[in-house]
Amino acid sequence: MGVDARDFYLILPQLSLGMLGLLLIFASVLNSRSRETQVIGLLGLLVPLLACLSLWSMVDDSGAETAFGGALVVDKFSLFFALIVVGAVAWVFLAAREYLERFSPHDAEMLALMLFSASGLSLLASAADLLTIYVSLELASLPVVALVAFGKTERSTEAGIKYLLLSALSSAILLFGFAYLYGATGTLQVVDAGTAEPTISDMIRGSGYAVPFGTYPVLIGAVMATAGFGFKLSIVPFQMWTPDVYEGAPTPVAGFLAVASKAAAFAVVIRLFHEGLGELGKDWSTLFAVLAGLTMTVGNLVAISQTNLKRLLGYSAIAHAGYVLVGLASMAQGAEGQSAVTSGAGSALFYLAGYALTNLTAFGVLIIVITRVGGEDLDDLSGMGRRIPFAAFVLSLALISLIGIPPMVGFMGKLFVFNAAVDSGLVWLALLGVINSVISAYYYLNVLRIMYFREPRGDEPVSGPKVAETMAAIATGSGMVIFGIWPSVLIGISQDAARSLIG
Amino acid sequence: MVFGTRRKPRVARWMALTVTAIELFLAILLFANYDVDAGGFQYQQQMSWIATFDIQYRLGADGLSVPLVLLNGLLGLTAVLISWDVSDRPHLYFACLLVLQAAVMGVFLALDLILFFVFWELELIPMFLLISMWGSGRREYSAMKFLLFTLLGSAFMLVAILALYLSFPPGLRTFDMTVLAERSMVDLIVPTSLVFWGFLIAFAVKLPIFPLHTWLPDAHTDAPTAVSVMLAGVLLKMGGYGLLRINAGLFTEELAALGPMLMVLGLINILYGAFIVLRQTDLKRMVAYSSVSHMGFVVVGLASVAAAGDKFNVAGLNGAALQLFSHGVITGLLFVVVGLIYDRAHTRHIPDFGGIAHQMPLISIGFMLAGLASLGLPTTSGFAAEIMIFLAAYSAFPWLTTLAAFGVVLASGYILWAAQRTLFGPRLARWDNLEDARLVDLTAMAVLIIPIFVVGVYPRILTDMFGNALAPILSRMGA
C-alpha cells in the first residue's frame with residue numbers, strides 16, 4: 001500500500017509537534033535570547049492545534065481515517081487526546097516562562113524535548129497496531145527521562161535514573177505481553193484498518209477458543225500489558241516512582257507528566273482493551289475494578305501524610321488515576337439506555353479532560369509559588385493568601401475541583417465515572433470512590449488551611465505573577481470553572497470522542 | 001428572585017439598602033400572592049442545566065419556603081440597616097452581605113438537589129469572609145471552625161445526594177426533589193438510613209444539634225452584629241429547612257423510626273443550651289447559646305412525628321416550621337439590640353452594665369420585647385410556636401416533653417436575669433454619655449418587632465401555609 005500526501009495530512013499534528021521541536025533547537029543555536037525562542041514555539045503550536053481542529057471537522061462521527069497502511073488511525077478519540085497533549089504543551093510554554101530562566105541558555109532544548117515527547121504521546125493515541133503502540137511509547141518516554149533529569153540537582157538526576165530504569169522494565173514487560181498477544185492471535189492489528197489484516201478481536205472471536213490453551217495466552221498478555229501500562233498510568237502497585245519523580249523533576253515537567261503522559265497512556269489502554277480485547281471484557285473488568293479500588297485508596301491515604309507539595313500532588317495523581325480506572329472497569333458491560341458519553345469509556349474521557357484542566361491549574365500555581373518562595377514544602381504555602389492572593393485563590397479553586405465539590409468540573413467528572421460504575425453493577429466500587437473523595441477532602445482542605453491561616457514565613461515582599469503565568473492560570477482555571485458550571489460543551493466533545501470508539 | 005451585587009465605595013450602603021428593600025418588597029409580594037388554597041410549588045422557574053444527568057436550574061416556592069423567604073427578606077434589610085456605620089471596605093462588606101442573602105434565598109427555593117447543594121456551599125464564602133475580615137476577637141479561628149464544620153457536614157450530604165441519585169435505574173435517575181418526594185425510598189443502593197444520616201449530619205451541623213454545635217458560639221461571638229443577625233436569623237434556618245424538606249419530606253419513615261433518638265437530642269439541646277446560657281457573662285454568647293436551646297424545639301417538633309396516626313402530628317412539624325420563623329425574627333432582634341448596646345458601650349460583659357434603661361430607654365424596650373418573645377410570652381410568635389410543639393410532642397413522649405418544658409422556665413430565668421442586670425438597677429454615671437437609638441436603629445428594630453406580634457396574635461397567617469406544604473408528608477405516612 002502506497003503512502004501519499006493524505007497520510008501526512010492525517011498525522012500533521014504529530015509531525016508538526018516534532019518539527020517544531022527541531023525548529024526550536026535551531027532557533028536557540030542561532031539566537032541566544034531564549035525568550036524570543038519561546039514566543040516562536042508558542043506561535044508554532046498553532047500549527048498542531050489548527051491541524052487537530054481541521055481533522056476533527058473532517059472525520060465522521062463514528063468513522064475513522066487510517067494512515068500508513070493501517071499503522072495509525074485518526075478518529076475523534078485520538079484527536080481528543082492530541083488536543084489534551086497540545087494543550088498541556090501550550091500550558092508549559094506559558095506557565096513555565098519564568099521558571100525556565102534557571103535553565104538558560106538550555107531552556108529551548110528542554111522545550112524541544114517536551115515537544116518530541118508530545119509528538120510520541122499523540123501518536124500513541126492514534127496507534128492502531130501493537131508495534132506502533134510500542135514505538136510511540138518509546139518515543140514519548142525517552143525524552144521524558146532527559147526532562148526529569150534536567151534540573152541537574154542530585155534529586156533530579158536520581159528521579160531521571162529512576163524513571164529510566166522503571167520505564168525500561170515496564171517496556172520489557174509490555175513487550176513480553178505483546179508477544180503473548182501476537183503468539184495467541186497471530187496478528188498485531190488492534191483497530192480494524194480496513195486492510196486484509198485481521199484484528200486481535202477478530203481472532204479471539206473466531207478461532208481463538210479452539211487453540212490448545214484457549215484464551216489463557218491472551219489473558220496472560222492482557223495482564224502483562226496492564227502491568228506495563230500500569231507504570232505509565234501510575235496505578236497501584238506500579239506507582240512507586242510517581243512521587244519521587246514528581247518531586248525530583250522540574251515542576252513544569254511534573255505537570256506535563258501528570259497530564260499529557262497520563263492521558264495518552266489512558267488513551268492507548270482504552271483503545272487496546274476496548275477494541276482489541278473487548279471480547280474478554282468480563283475477565284479484565286474485575287482486574288481493573290480491583291486495581292481502581294486499590295489505586296484510589298492507597299493514593300489518598302498516603303497523600304494525607306505528605307509534607308512536600310509535589311509529592312502530595314504525586315499521590316493525588318495516583319488517586320485520580322484510580323478514579324479514571326473506575327470508568328475503565330465499567331467499560332466492559334454497557335447498560336440499557338446508556339449514551340456514549342455516560343458509558344465507562346466516555347466517562348473516563350470526560351474525567352481525564354476535567355482532571356487535565358484542574359491539575360494544570362494546580363501545577364501552574366505551584367510554579368508561581370516555587371519560583372517566588374524557593375521551597376516546595378507545604379509550609380512554604382503559609383500565608384500565601386496574603387502574599388500572593390491571586391495564586392492562593394486559583395489554587396483554592398483547583399483544590400475544590402480535585403475534591404469534587406460542585407460546581408467545579410471535578411465534581412462532574414466524578415459524577416460521570418461513579419454513574420458508569422453503578423450502571424455496570426460495580427456499586428461497591430462507586431461507594432469506595434465516594435468514600436475516597438471524602439478522605440481526599442481532608443488533605444486538600446489542609447492545603448487551603450495552610451494558605452489562609454498560617455502566618456507567612458518571610459516578610460520580604462514577593463513579586464506577583466507575570467503576564468504569561470497569569471494567562472496560563474486563567475486559561476486552565478476558567479476552563480475548570482466554566483466546564484463545571486456549564487459542562488454541555490465538554491460533554492459534547494467527550495460524547496463525540498467516545499462515539500468514535502464505541503460507535 | 002436572586003439578586004446580584006453592586007460595589008461602589010460611598011454609595012454602597014444606599015445601594016445595599018435599596019436592593020434589600022426591593023427584595024423585602026418582593027418577598028412580601030410573594031407572601032401575599034401565594035395561593036394557599038392551591039398549595040404546591042408556585043412561581044416556578046425551570047431551565048435545563050446539565051441535561052446528561054437531568055440536573056436542572058429549578059426554583060419554586062411552596063408553603064414551607066415562602067415564609068422563610070420572607071424571613072430572609074426581613075433580616076436582609078435589618079442587616080443592612082444595622083451595618084450603617086461600617087467604614088472598613090464598605091463596598092466589599094455589603095457585597096458579601098448581599099451574596100449571602102442571595103445564596104440563602106437559593107437554598108430556600110431550589111428544587112434540584114445539586115442546585116440546593118451549590119447554594120448551600122455558596123453561602124459559605126461570603127460568611128467566611130464576613131467573619132474573618134470584619135469580625136472581632138479570634139475571628140480567623142472562628143471563621144475557619146465555621147467553614148470546616150459546615151464543609152464536613154456538606155461532604156456527608158453530597159455522598160447522600162449521589163447515593164440517592166444512583167439508586168434508581170438509568171432513565172429514572174433525577175435530582176429533582178419534587179419527583180423524588182413521590183418515590184419509595186426502599187431498596188436504595190445503600191441502606192436508606194445511611195442516606196438519611198448523610199443529610200441529617202449536614203443539617204445537624206447547621207441547625208445545630210448537640211454535639212455538633214460547638215462552632216456556633218464562636219462564630220457568633222466574633223462575627224460583626226449584622227452577620228450574627230443573619231447567622232442566627234436565617235443560616236440556622238437552612239438546617240431546619242433541610243430537615244423538614246429532605247429528611248421529613250423524602251424519608252418520613254426513617255424520621256419516624258428515629259423519633260425517640262431525635263427527641264433525646266432535642267431535649268439535650270434545649271436543656272444543655274439553657275444551662276450554659278445561665279452562666280454566660282458575655283451578652284452575645286448568651287444569645288448564641290439561647291439559639292442552641294431554641295433550635296432544640298425544632299428537633300423536638302420533628303421528633304414528634306413518631307407518634308404515627310395521631311392528630312397532633314401536623315402540629316409537630318408545623319410548630320417546628322413556625323419556630324424557625326419565630327426564632328429568626330426574635331433572635332435577630334436580640335442580636336440587633338445587643339449589637340446596638342455594644343456599639344455604644346464597647347463591652348458586652350454583663351456585670352459591667354446596670355441601669356442602662358435610664359440612658360437608653362428605646363433600646364431597652366427593644367431588648368425587653370425580644371426577651372419576652374424569646375421566653376415565649378403569649379401574643380408573641382415564640383409562644384405560638386412552642387405551644388404547638390409541646391402539644392404535639394406531649395402525645396408522643398409525655399415524660400421527655402415535660403422535661404423539655406423546663407427549657408422555657410430556664411429561658412424566663414436567663415432572659416429576665418440578664419435584663420435585670422443589664423437594663424435595670426441604679427443609674428451608673430459612666431454610661432451617661434451614651435446616646436439612645438437613632439432612626440436607622442429604630443427602623444431595624446421595627447422591621448423585626450412587627451412580625452413577632454403579628455405572628456404571635458394571628459399564627460394562622462403562617463401555619464396555614466406551613467400546614468399546606470407539610471400535609472403531603474404526613475398523608476404519605478397514612479396519618
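All values derive from a computational prediction rather than experimental measurement. Throughout, protein chains are lettered first and strands after them, A, B, ... in sequence-line order, and every chain is numbered starting at 1.
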*asked:* Which heavy atom of G404(A) sits nearest to which heavy atom of L158(B), and what is that distance?
replied: O-CD2, 3.6 Å

*Tell me, for V159(B) versus chain A, whether the close heavy atoms (under 4.5 Å) come from the side chain, the backbone, both or neither.*
both

*Under a 4.5 Å heavy-atom cut-off, does chain B meet the side chain of L415(A), its backbone, both or neither?*
both

*Which atoms of I114(B) come close to chain A, meaning under 4.5 Å heavy atom to heavy atom: side chain ones, backbone ones, both, or neither?*
side chain

*Got a sec: does the CZ of F393(A) have more than 12 other heavy atoms crowding it under 6.0 Å?*
no

_side-chain contact (heavy atoms from CB on, under 4.5 Å) for R449(A) and L147(B)? Distances and angles first, verdict last._
CA-CA 10 Å; R449(A) 188 181 62 85; L147(B) 189 76; over 6 Å; no

*asked:* At a 4.5 Å cut-off on heavy atoms, which part of F168(B) comes close to chain A: side chain, backbone, both, or neither?
replied: neither

_Residue-level interface, residues 193-201 of chain B with chain A, non-hydrogen cut-off under 4.5 Å_ = none

_Counting only non-hydrogen atoms closer than 4.5 Å, does L152(B) touch chain A with its backbone (N, CA, C, O), its side chain (CB onward), both, or neither?_
neither

*Where does F418(A) contact chain B at under 4.5 Å (heavy atoms): side chain, backbone, both or neither?*
both

*Separation of L151(B) CG from I400(A) CD1 (nearest 0.5 Å)*: 8.0 Å

*Is it the backbone or the side chain of Y165(B) that comes under 4.5 Å from a heavy atom of chain A, or both, or neither?*
side chain

*Heavy atoms from other residues, nucleotides or ligands near CH2 of W486(A) exceed 12 (cutoff 6.0 Å)*: no

